[in-house]
Amino acid sequence: MARPNEEVEGLLQEYADLIAITGGDAFKARAYEKAARAIGGHPVDISRLDAEGLREIPHVGRSIADKVVEYLRTGSVSAVEERRSKIPAGVRALTAIPTLGPKKALRLYEDLHISSVDELAAAIEADALHDLKGFGAKTQENILHGITLLRQAGGRIPLHVAMRDAEDIVGELSAVKGCRRCAYAGSLRRMRETIGDIDVLVAAARSGPFMDALAGLPSTAEVIAHGAKKTSVRTAQGIQVDLRVLPPDSWGAGLVYFTGSKAHNIRIRTIAVRQGLKLSEYGLFDAESEESVASRTEEDVYERLGLPWIPPTLREDRGEIEAALGGELPEVVTERDIRGDLHTHTDLTDGLASLETMVQAAAERGYAYFAVTDHAPGLAMQRMTDEKILAQREQVRALDGVHRGMRLLHGTELNIGPKGEVDWPDEFLAGFDLCVASVHSHFDLGRAAMTRRFVRVCENPHIQIIGHPTTRLVGKRPPVDADWDEVFAACARTGTALEVNAQPDRLDLCDEEILRAREYGVKFAVNTDAHCVPHLACLRFGVGTAQRGWLTAKDVVNTWPLSRLRRFLRKGGA
DNA sequence: GCCGTTTTCGGCCCGACTGTTTTCAGTCG
């Protein structure tokens with residue numbers, strides 16, 4: 001994984017924020033933001049590049065290239081340190097509150113010396129903002145609501161952040177001598193959208209070297225507990241990591257024990273007890289003789305309980321035990337089932353990579369087909385025109401089948417207006433191979449209007465997929481309010497697929513809504529909404545979410561062969 | 001700070017929404 005790219009992306013974004021907060025040149029701040037995104041989305045590990053190589057990345061010029069080189073060489077950038085010394089970190093944290101930007105954050109800091117979210121919440125409670133300019137009753141209410149949203153994430157970590165750290169740690173521990181098996185478990189293996197802490201398991205005869213290795217990792221900031229069976233540390237970013245080292249014979253039982261949700265584990269332990277057995281992280285034992293009857297693999301443990309192996313993403317006690325007992329466990333969709341991505345962007349709008357680069361990267365993933373769906377004119381900031389999208393269509397046709405025979409579909413991501421209207425008239429839409437339509441504005445229409453809006457989209461014969469349907473952002477923005485049962489019914493009736501957007505801050509639809517929609521017979525598309533090459537790999541998070549929603553390949557249109565997909569895209573037409 | 005079928009300066013994503021400072025600043029996508 002390209003860690004340095006992400007580190008530098010974060011650093012440059014922070015610098016941009018600090019410029020904005022201190023009232024610096026807005027265009028300069030934006031220049032840093034653009035460079036941050038470009039580096040984060042750059043497919044080559046930047047630590048392998050020199051200043052010249054760095055400057056070939058779009059939006060990276062002499063000044064930023066020098067700062068990146070300084071960072072790679074010394075681990076910090078003096079210009080950033082200088083700004084940091086002027087603005088406490090908590091002031092920047094304030095801008096994470098929806099509706100509170102850099103200007104308001106600075107005012108709060110300068111006038112009231114508020115430098116953390118907690119201090120701000122306390123100040124509002126104490127009515128300390130009453131004569132602060134620009135902070136009327138409504139603004140304070142909005143800020144409090146924003147703080148509530150932030151806190152609902154409850155200090156949990158986004159899935160992809162935890163995944164990256166867990167894979168690094170698994171990589172390090174796997175290299176320790178004597179390691180027989182190493183894997184992450186817990187909610188991360190179940191692919192929950194946020195993660196409380198990271199659970200790592202090792203199978204080895206001796207535990208000491210692994211405990212020491214974890215405690216000694218560069219990413220470890222604090223050792224919370226250091227024992228023979230369990231070690232807990234906190235990383236520099238504040239993430240808790242629990243390591244358990246098990247005897248190799250206990251590997252399967254340990255994985256079962258540390259992967260299942262609490263509710264799932266209670267259910268399978270109950271099943272064990274009824275059979276005169278006892279289940280722990282060390283194995284499945286005869287309750288009387290205490291003799292081990294299964295423990296080496298997860299399959300062994302489940303089989304001895306009379307169950308088939310249950311995919312980790314289903315282990316939530318949401319009916320998977322009953323389904324397993326009845327032989328009706330779904331064969332959930334896997335990453336290998338996905339034949340193509342149906343929602344992606346290029347640098348024609350807000351993507352980072354050219355059409356050619358995106359197509360080539362998609363072909364390297366082994367896709368049979370791939371859709372390019374840049375933004376339509378309704379999203380004014382993208383400045384799309386008829387001419388530009390038609391010119392792109394020519395380029396798409398020219399590249400069709402060129403890379404490993406991969407077929408290309410030319411599409412667009414339409415903007416859904418408040419009444420369900422979209423950017424282009426029917427005649428123009430008919431020229432696309434597929435249209436994704438998404439809500440990007442008017443989030444607070446009220447349930448009835450929002451429902452009508454979606455139903456009208458479903459009834460549009462040229463729209464085959466609703467993109468990120470609820471528009472929620474994990475821990476940041478709640479889903480829009482609609483009568484989803486009515487929307488799901490309309491999707492099923494009209495043959496409109498719902499997207500499972502794989503961007504880790506969206507994961508939209510989420511698992512629970514997928515479970516509901518599935519009951520209506522709705523079809524789904526697991527798409528990355530990629531804006532750069534590395535985003536294509538986010539597919540795994542979308543597939544994990546689809547699995548949590550019990551979807552099989554039959555439910556997911558982009559697992560289908562192209563001929564069948566094309567029939568679906570005609571939406572009941574000829 | 002970056003960029004150039006505008007080529008070393010002068011632009012840079014544009015428009016809508018919201019609350020409030022009643023004429024517009026701040027925020028967002």
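Order of the sequence lines fixes the chain letters, A, B, ..., with proteins taken first and strands second; residue numbering starts at 1 for each chain.
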Please measure how far the [atom1] atom in [N] lies from the corresponding atom in [M], and state the result in whole Å.
{"N": "B:dG1", "M": "B:dT6", "atom1": "P", "result": "26 Å"}
{"N": "B:dT8", "M": "B:dC3", "atom1": "C1'", "result": "10 Å"}
{"N": "B:dT20", "M": "B:dA16", "atom1": "P", "result": "22 Å"}
{"N": "B:dC28", "M": "B:dT22", "atom1": "P", "result": "23 Å"}
{"N": "B:dC13", "M": "B:dT18", "atom1": "P", "result": "25 Å"}
{"N": "B:dC17", "M": "B:dC12", "atom1": "C1'", "result": "23 Å"}

Check step by step if side-chain contact (heavy atoms from CB on, under 4.5 Å) holds for A:H462 and A:E427. CA-CA 9 Å; A:H462 301 292; A:E427 324 68 275; over 6 Å; no
Nucleotide [N], atom [atom2] - distance to [atom1] of [X] in whole Å:
{"X": "A:K28", "N": "B:dG1", "atom1": "NZ", "atom2": "P", "answer": "4 Å"}
{"X": "A:Y32", "N": "B:dC2", "atom1": "OH", "atom2": "C1'", "answer": "10 Å"}
{"X": "A:D347", "N": "B:dC3", "atom1": "CG", "atom2": "C1'", "answer": "15 Å"}
{"X": "A:R55", "N": "B:dC3", "atom1": "CZ", "atom2": "C1'", "answer": "11 Å"}
{"X": "A:D66", "N": "B:dC2", "atom1": "CG", "atom2": "C1'", "answer": "14 Å"}
{"X": "A:I39", "N": "B:dG1", "atom1": "CD1", "atom2": "P", "answer": "14 Å"}
{"X": "A:K67", "N": "B:dC2", "atom1": "NZ", "atom2": "P", "answer": "8 Å"}

Counting only Watson-Crick pairs (N1-N3 plus N6-O4 or O6-N4) and G-U wobbles (N1-O2, O6-N3), all under 3.5 Å, who is the partner of B:dT8?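 Answer to the pairing question: none, since B:dT8 forms no Watson-Crick or G-U pair.
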Would a distance-only check, ignoring hydrogens and angles, find a side-chain to backbone donor-acceptor pair under 3.5 Å from [X] to [Y]?
{"X": "A:D481", "Y": "A:M450", "result": "no"}
{"X": "A:T412", "Y": "A:D374", "result": "yes"}
{"X": "A:R453", "Y": "A:G417", "result": "yes"}

Name the nucleic acid region contacted by A:S63, choosing base, sugar-phosphate or nothing; use a 4.0 angstrom heavy-atom cut-off, strictly under.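 Answer is sugar-phosphate: A:S63 comes under 4.0 Å of backbone atoms only.
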side-chain N/O A:R30 vs B:dC13 OP1/OP2, d < 4.0 Å: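 Yes.
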If the plane angle is over 60° it's perpendicular, under 30° parallel, otherwise tilted; pick one for A:H113 and A:Y109.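 Plane angle over 60°, so perpendicular.
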Kindly indicate, with the supporting measurements, whether the criterion salt bridge (charged side-chain N to carboxylate O under 4.0 Å, His left out) is fulfilled by A:E14 and A:R83. CA-CA 10 Å; A:E14 180 187 347; A:R83 297 253 180 185; over 6 Å; no
Would you give a per-nucleotide map of nucleotides 15-20 of chain B, 5' to 3', where B means the base has a protein non-hydrogen atom under 4.0 Å away, S means only the sugar-phosphate does, and - means neither? S-S-SS
Quick one about A:K571 and A:T496 (side-chain donor to acceptor, distance below 3.5 Å, no hydrogens or angles considered), yes or no?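 A:T496 vs A:K571: donor-acceptor pair found between side chains.
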Does NZ or CZ of A:R393 fall inside the cone over A:F432's six-membered ring, less than 6.0 Å from its centre and within 45° of the axis?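 Yes, a cation-pi geometry holds between A:R393 and A:F432.
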Do A:R477 and A:F443 form a cation-pi contact, if we require the NZ or CZ to be under 6.0 Å from the six-membered ring centre and within 45 degrees of the ring's axis?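 Yes - A:R477 lies over the ring of A:F443, closer than 6.0 Å to its centre and within 45° of its axis.
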Are any protein N/O atoms closer than 3.5 Å to N/O atoms in nucleotides 4-9 of chain B? If there are, list each pair with its distance.
none

Considering only NZ, NE, NH1 and NH2 on the basic side and carboxylate oxygens on the acidic side, decide whether A:D433 and A:R397 come within less than 4.0 Å.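 Here A:D433 pairs with A:R397 in a salt bridge, since their nearest N and O are under 4.0 Å apart.
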Does A:E193 come within less than 4.0 Å of A:R472, counting only side-chain N to carboxylate O?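 Between A:R472 and A:E193 there is a salt bridge, with a charged N closer than 4.0 Å to a carboxylate O.
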Heavy-atom closest contact (A:E335 atom, A:V543 atom, distance):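 Closest pair (atom of A:E335, atom of A:V543, distance): N-CG1, 3.7 Å.
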For A:V60 and A:L473, take the nucleotide of DNA chain B holding the closest heavy atom to each; which residue's nucleotide lies nearer the 5' end?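 Residue closer to the 5' terminus by nearest nucleotide: A:V60.
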Do A:D341 and A:N558 pass the side-chain contact (heavy atoms from CB on, under 4.5 Å) test, and can you show the C-alpha distance, the side-chain angles, and the key distance before you say yes or no? CA-CA 7 Å; A:D341 203 326; A:N558 52 327; 5.7 Å; no
Looking at B:dG1, B:dT21, B:dC13, which one has an atom nearest to any side-chain atom of A:K34?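 Looking only at heavy atoms from C-beta outward on A:K34, the closest nucleotide is B:dC13.
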Below 3.5 Å between N/O atoms, which protein atoms pair up with nucleotides 26-28 of chain B? Just atom names and distances, please.
from	atom 1	to	atom 2	distance (Å)
B:dT27	OP1	A:G101	N	2.5
B:dT27	OP1	A:G101	O	3.1
B:dT27	OP1	A:K104	N	3.2
B:dT27	OP2	A:K103	N	3.2
B:dT27	O5'	A:G101	N	3.4
B:dC28	OP1	A:T99	N	2.8

